Asks: 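Here you go, one structure.
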Amino acid sequence: MCALSNFFEKYLNAEPIFETKKVLQSSYTPEVIPHREKQMEDVSRILAPALRADKPSNLFIYGKTGTGKTITVRYTLQELLKIAKKRKVPVESIYLNCKLKKVADTEYRLIAQLSRELGRDIPATGLPTEEVYKIFFSELEKREGLILLILDEIDQLIKKVGDELLYTLTRINAELENSQLSLIGISNDTQFTTYLDSRVKSSLSEEELLFPPYNALQLQDILKERADLAFKEGVLDDGVIEKCAAYAAREHGDARRALELLRVSGELAERNGDGKISIKHLDEAENKIERDKIYDLVETQPKQHQVVLYSILLVCEKRKERIFTGEVYEVYKEICTKIGLRPLTQRRVSDIIGEFDMLGIIYARVISKGRYGRTREISPSIPETTQPKIKKLLTKDLGLT
DNA sequence: CGAGATTCATGTGAAGTATACCTTTAGGCTTAA
DNA sequence: AAGCCTAAAGGTATACTTCACATGAATCTCGTA
């Protein structure tokens, strides 16, 4: 028997760990959402007028990542739509995550995407934004009912394009005759509304809800709830859930992270044919998640950005100390010529470095070195251990020797 | 010695350019009457 | 004459470049104690 079929045999013989894995995936909407009863009640109270074909107040929701904002809204909405359908009340909803690059990170792209959700084909470029607004508008009008527009991670978008966009959206209602639009904004940044123009602020947050972080005990409940469904019986070692919850609680009570941790631990245990999930797997999973996230991010970056990042890593390795834009740019130019890429200007590279900072791959801060000018002080915020691997990945991706 | 002035290296904003793509329109060709 | 296709014209969004000015503390300068 060859090694490969041996492997498959072994895989099949190993005890499967998962019962239904999708329960742990982030797209899953559970039947019960523990410790969010209050918030669900609030959301439904605010949205309830929709069932009488009245326009609910605009709603603004804050809370750190993984505090159940998205899921609560989605669940409540799902229920509301069910009833609306039964009673034949014309209510529709559009959900859009504004963080997705190339989908909703400019005004044009946002409106275009929304129109697409309503079933119109909009080209990626070429149309006047005004025109796209008109299309969106006419689609809305065609609905002759209520539309609930959920904009997730709205802070990301507004930071980029400014708050006029929101003003326009809130004012659309005044123009609509047959339909009505309610906005539900979801933001991870609790400070977000302070950036907003007061007019926008008052019309967007007619109602506000704050989602507090989960504490360790609550996280445990959530994890147990899902683990029961997801795993076969008895595959979880004692203390795994507790440890998992503790990990996540340390990081501002991020439930999404906790669930991911549990899922990946399971996958690791299964792959190793261990048959049981132990604390050892948890640690492994934590590393793996972090790594995968960065890998993904780096891999999907445009070539120019990759070169910039590579240069940063290179310079950083050579000089352990503080590194500056100038040095990075020099190295960047060198690499560009080496791989036959036309280098971007320093102006642009400066912006790219800023983008990386936003993404959290690096840490960059503008400092003044007095007589010696003014620059950004850059350091990677990738764990030491994964840095070489990222470098290798980039080397390969860029076709460097 | 200390208050201003100077200086450096790059941040940053505004305006311009290249590219890729869109719609409209006018002309040219085909077709059918 | 009507219908259909094509290519040019005129327009837009986005990523990038160019230009010009802004920054801010270390360092320099120079008047004064």
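Residue numbering restarts at 1 for every chain, and letters A, B, ... go by the order of the sequence lines. This structure is a prediction, so every number in the text was calculated from the model and none was measured.
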Asks: Looking only at side-chain N and O atoms, does A:His252 offer a donor or acceptor that is under 3.5 Å from a partner on A:Thr65?
Replies: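 A donor-acceptor contact under 3.5 Å links the two side chains.
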
Asks: May I ask you to check whether A:Thr70 and A:Asp152 show a side-chain donor-acceptor distance below 3.5 Å?
Replies: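 Their side chains do contain a donor-acceptor pair, which is all the 3.5 Å distance test asks for.
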
Asks: Distances under 3.5 Å between protein N/O atoms and the N/O atoms of nucleotides 8-11 of chain C, please, pair by pair.
Replies:
residue : atom : partner  : partner atom : Å
C:dG11  : N2   : A:Gly126 : O            : 3.3

Asks: Let me confirm one number: the OG-CD1 distance from A:Ser379 to A:Ile362, rounded to the nearest 0.5 Å.
Replies: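 A:Ser379 OG to A:Ile362 CD1: 8.0 Å, rounded to 0.5 Å.
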
Asks: Rounded to whole angstroms, how far apart are CD on A:Gln304 and P on C:dA15?
Replies: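 So the CD-P distance, A:Gln304 to C:dA15, works out to 13 Å.
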
Asks: Between the axis at one end of the helix from B:dC1-C:dG31 to B:dT31-C:dA1 and the axis at the other (five pairs apiece), what's the angle to 10 degrees?
Replies: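 That helix gives 20° between its end axes.
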
Asks: Measure from CD1 on A:Ile111 to P on B:dC22 and round the result to the nearest Å.
Replies: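 My rounded result for the distance is 19 Å.
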
Asks: Just one of A:Leu359, A:Ile382, A:Ile390 clears the side-chain contact (heavy atoms from CB on, under 4.5 Å) bar with A:Val298, so which one?
Replies: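 Output: one option passes, namely A:Ile390.
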
Asks: Tell me the interatomic distance from A:Leu344, atom CG, to B:dA18, atom C1', rounded to whole angstroms.
Replies: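 The distance from CG of A:Leu344 to C1' of B:dA18 comes to 14 Å, rounded to the nearest Å.
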
Asks: Does A:Arg376 make a cation-pi contact with A:Tyr363, if we ask for NZ or CZ under 6.0 Å from the ring centre and within 45° of the axis?
Replies: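 So A:Arg376 doesn't make the cation-pi contact.
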
Asks: Can you check the A:Lys160 NZ to C:dT14 P distance for me, whole Å?
Replies: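 One finds 11 Å between P of C:dT14 and NZ of A:Lys160, rounded.
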
Asks: If only side-chain N and O atoms of A:Thr106 are considered, is one of them under 4.0 Å from the OP1 or OP2 phosphate oxygen of C:dT14?
Replies: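 True: A:Thr106 side-chain N/O within range (under 4.0 Å) of C:dT14 OP1/OP2.
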
Asks: Would you indicate what A:Pro343 reaches in the nucleic acid, counting non-hydrogen atoms under 4.0 angstrom: base, sugar-phosphate, or nothing?
Replies: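 Contact class for A:Pro343: sugar-phosphate only.
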
Asks: Distance check needed: C:dA15 P versus A:Glu107 CD, whole Å only.
Replies: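 Distance, rounded to whole Å: 14 Å.
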
Asks: In whole Å, what is the span from the CZ atom of A:Arg109 to the P atom of B:dA20?
Replies: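 Result: 16 Å.
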
Asks: Could you measure the distance from the CG atom of A:Leu394 to the NZ atom of A:Lys303? Nearest 0.5 Å is fine.
Replies: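 Answer rounded to 0.5 Å: 11.0 Å.
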
Asks: Check the side chains of A:Asp283 and A:Tyr247 for a donor-acceptor pair under 3.5 angstrom, ignoring hydrogens and angles.
Replies: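 Yes, a side-chain donor-acceptor pair sits under 3.5 Å.
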
Asks: For A:Phe324, does the six-membered ring have the charged nitrogen or CZ of A:Lys369 within the cation-pi criterion, i.e. under 6.0 angstrom from the centroid and within 45° of the normal?
Replies: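 Checked: cation-pi criterion met.
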
Asks: In whole angstrom, what separates A:Lys303's NZ from C:dA15's C1'?
Replies: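 My rounded result for the distance is 17 Å.
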
Asks: Could you run through nucleotides 1-12 of chain B and give me one letter per nucleotide, 5' to 3': B if any protein heavy atom sits under 4.0 Å from the base, S if only the sugar-phosphate is that close, - if neither?
Replies: ------BBBSSB

Asks: Between A:Lys69 and A:Asn188, is any side-chain donor less than 3.5 angstrom from a side-chain acceptor?
Replies: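 A pair is found: one side chain offers a donor N or O, the other an acceptor, under 3.5 Å apart.
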
Asks: Under 6.0 Å between ring centres: does that hold for A:Phe136 and A:Tyr133?
Replies: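 No; A:Tyr133 has its ring centre 6.0 Å or more from that of A:Phe136.
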
Asks: A:Glu130 has an atom CD; how far is it from atom C1' of B:dT23, in whole Å?
Replies: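 Between C1' of B:dT23 and CD of A:Glu130: 16 Å.
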
Asks: If only side-chain N and O atoms count, and only distance matters, is there a donor-acceptor pair under 3.5 Å linking A:Glu207 with A:Asn58?
Replies: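 Absent: no donor and acceptor within the cut-off.
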
Asks: Answer yes or no: does a side-chain N or O of A:Thr345 lie under 4.0 Å from OP1 or OP2 of C:dT17?
Replies: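 Affirmative; the distance criterion is met.
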
